[in-house]
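Please read the structure below before turning to the comments.
Here is how names work: the chains are called A, B, and so on, in the same order as the sequence lines, proteins then strands, and each is numbered from 1. Quantities reported herein were computed from a predicted structural model and do not represent experimental measurements.
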Protein chains: 2
Amino acid sequence: MVARGRVVADGRPSVGKPQMRARVLKAAMVAIAEVGPDRVRVQDIADRAGMSTGHVLYYFGRRDRILIDTLLLSEVDLAAVRDRRLARTPDAWAAVDVLARLYLADGPTDVRWKLWAQLIARPPTDAQTVRAFAEVIDSWGIALENVIRRGVATGVMRTDDPAEVAYRTCRCMDGLSLEILLATRGRSRAWAVRLVNDSVRRELATTGD
Amino acid sequence: MVARGRVVADGRPSVGKPQMRARVLKAAMVAIAEVGPDRVRVQDIADRAGMSTGHVLYYFGRRDRILIDTLLLSEVDLAAVRDRRLARTPDAWAAVDVLARLYLADGPTDVRWKLWAQLIARPPTDAQTVRAFAEVIDSWGIALENVIRRGVATGVMRTDDPAEVAYRTCRCMDGLSLEILLATRGRSRAWAVRLVNDSVRRELATTGD
DNA sequence: TGCTGATCTAGAGTGGCGCTCTAACTTGCG
DNA sequence: CGCAAGTTAGAGCGCCACTCTAGATCAGCA
């Protein structure tokens, strides 16, 4: 036993000083943005946090966990922004546009989506983390579903199954974001935003729209 | 100059013995299936090919290139299967089903999609490879577009823009495959196949269908 | 057949990096 | 002060991609 204050097996460290974790995650965001999530070293993060590599790993156990928590943190932040903006946007069509712009990748170097790509390439195994990511993904679908329900309620949209449309639209935006990341063709972000808006409008528009 | 028979800078090796490359790629497929594309070592591939690691890298230069070429090879094979089966399937709705089943990930361990994930996480930089992958992606869109055109021609489908529907459907299948890979919820392959079939049918069905 | 240069093959060597481990330092509490 | 728990640093280990070099094999030629 003795438990030398170290990290518990595969879970989160139970040790204190959450501000240290926050500092590391902040540094990680910067480092990832500069170096890229695939190339970033623990050393890069430690440098920017003003700590040693051993110290950083004392809090996170594994390098992967730093990237995972960074993504989770950025998703939590983004979800807050999303919910705030959606609440401020009464028109359902405008809300769809807001959501699409927040969800879709900014460009080939979009940090958030590059982290997602990293995660999918090496998926986490522990149930806790898997559930956390499932909730993040769900929250986008639910947010869009609510927008659509509002559109239906206000009479500007029409559908039998808001949840299905929302889910499918999110998966489509996933694919679009991946193509933006790959940057194979000219397929730009602006083009993807327009495609999402158009296809949703075509599917949900009431007759007169 | 002198060029000691080595690999040219970032491109393909110009050296002979293509059967050696083929042998490595075949071994790579096995190794990747067993170990996973993220964990597979050059040693694993070399072992299965009956060669040394140095020998393997003599032909491919970088580990990444092995994975890239493995994916390209498997895509070429799959495209051949796809075109053959589609040619044998006159009914457009049935053809959509065939294509969806070939395109979508088999399950959380699907090798082809795991390689795609790997590729997106660390995208290739050289123009030649980027173009090759763009063509692979395009070929799926074009194949689906042709199916839809056939459906329209035979009067069982209706749409203004077959290319747009095909493209969007492919991106949706990308997103679905990613979720199958992540295996967060019960979202299974069978469920995804049905979703694609249903949504395409809903979008393209003629009135009486 | 023996010579020569090009190509091929093997494996030892190198460097980098994730991760571990130990030892020292700080803090809190009686 | 003294002890224990928690915190910090950094040296060290092991692994793995990639490099380098030296030898093997082969092709063409006299």
Subject >> Qualifying residues under side chain to side chain contact (heavy atoms under 4.5 Å, CB included), relative to A117(B), sequence neighbours excluded >> reply: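 Counting only residues at least two positions away or on another chain, A117(B) forms a side chain to side chain contact (heavy atoms under 4.5 Å, CB included) with I120(A), A121(A), L181(B).
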
**OP:** Flag the pair R168(A) and E164(A) as a salt bridge only when some basic side-chain nitrogen lies within less than 4.0 angstrom of an acidic carboxylate oxygen.
**Re:**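 Result for this pair is yes, salt bridge flagged.
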
**OP:** Could you tell me whether the phosphate oxygens of dT8(D), OP1 or OP2, come under 4.0 Å of any side-chain nitrogen or oxygen in Y58(A)?
**Re:**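 Checking Y58(A) against dT8(D): no side-chain N or O falls below 4.0 Å of OP1 or OP2.
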
Starting from [atom2] on [N], measure out to [atom1] on [X] and report it in whole angstrom.
X	N	atom1	atom2	result
F60(A)	dT8(D)	CZ	P	13 Å
M20(B)	dC8(C)	CE	P	9 Å
H55(A)	dT26(C)	NE2	P	13 Å
Q19(A)	dG6(D)	CD	P	16 Å
Y59(B)	dT19(D)	OH	P	17 Å
R65(B)	dA17(D)	CZ	P	17 Å

**OP:** Report yes or no: is the cationic atom of R112(A) (NZ for Lys, CZ for Arg) under 6.0 Å from the centre of the six-membered ring of Y103(A), at an angle within 45° of the ring normal?
**Re:**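 Yes, a cation-pi geometry.
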
Which atom pairs link the protein and nucleotides 15-19 of chain C when you take only N or O atoms and keep those under 3.5 Å?
from, atom 1, to, atom 2, distance (Å)
dC17(C), OP2, R41(A), NH1, 2.9
dG18(C), OP1, R63(A), NE, 3.4
dG18(C), OP2, V42(A), N, 3.2
dC19(C), OP2, R63(A), N, 2.5

Distance-only check: which donor-acceptor pairs under 3.5 Å involve side-chain atoms of residues 190-197 of chain A, not counting sequence neighbours?
from, atom 1, to, atom 2, distance (Å)
N197(A), ND2, D97(A), OD1, 2.6
N197(A), ND2, V193(A), O, 3.0

Subject >> Set of side chain to side chain donor-acceptor pair (under 3.5 Å) partners for E145(B), sequence neighbours left out >> reply: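 Partners of E145(B) by the side chain to side chain donor-acceptor pair (under 3.5 Å) criterion, ordered by chain and then number, come out as R149(B).
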
Subject >> Residues that R82(A) engages under side chain to side chain donor-acceptor pair (under 3.5 Å), provided they are two or more places apart >> reply: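 Result, side chain to side chain donor-acceptor pair (under 3.5 Å) vs R82(A): S139(A).
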
**OP:** Within residues 111-122 of chain A, find the residues that approach DNA chain D with a heavy atom at under 4.0 Å, and present them sorted by residue number.
**Re:**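 When residues 111-122 of chain A is checked for heavy atoms under 4.0 Å from DNA chain D, there are no hits whatsoever.
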
Original post:
Is a donor on one side and an acceptor on the other found under 3.5 Å between the side chain of R189(A) and the backbone of L104(A)?
Top reply: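 Such a contact is found between R189(A) side chain and L104(A) backbone.
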
Subject >> Donor + acceptor pair across side chains of T53(B), R41(B) (<3.5 Å) >> reply: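 Their side chains do not contain a donor-acceptor pair, so the 3.5 Å distance test is not met.
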
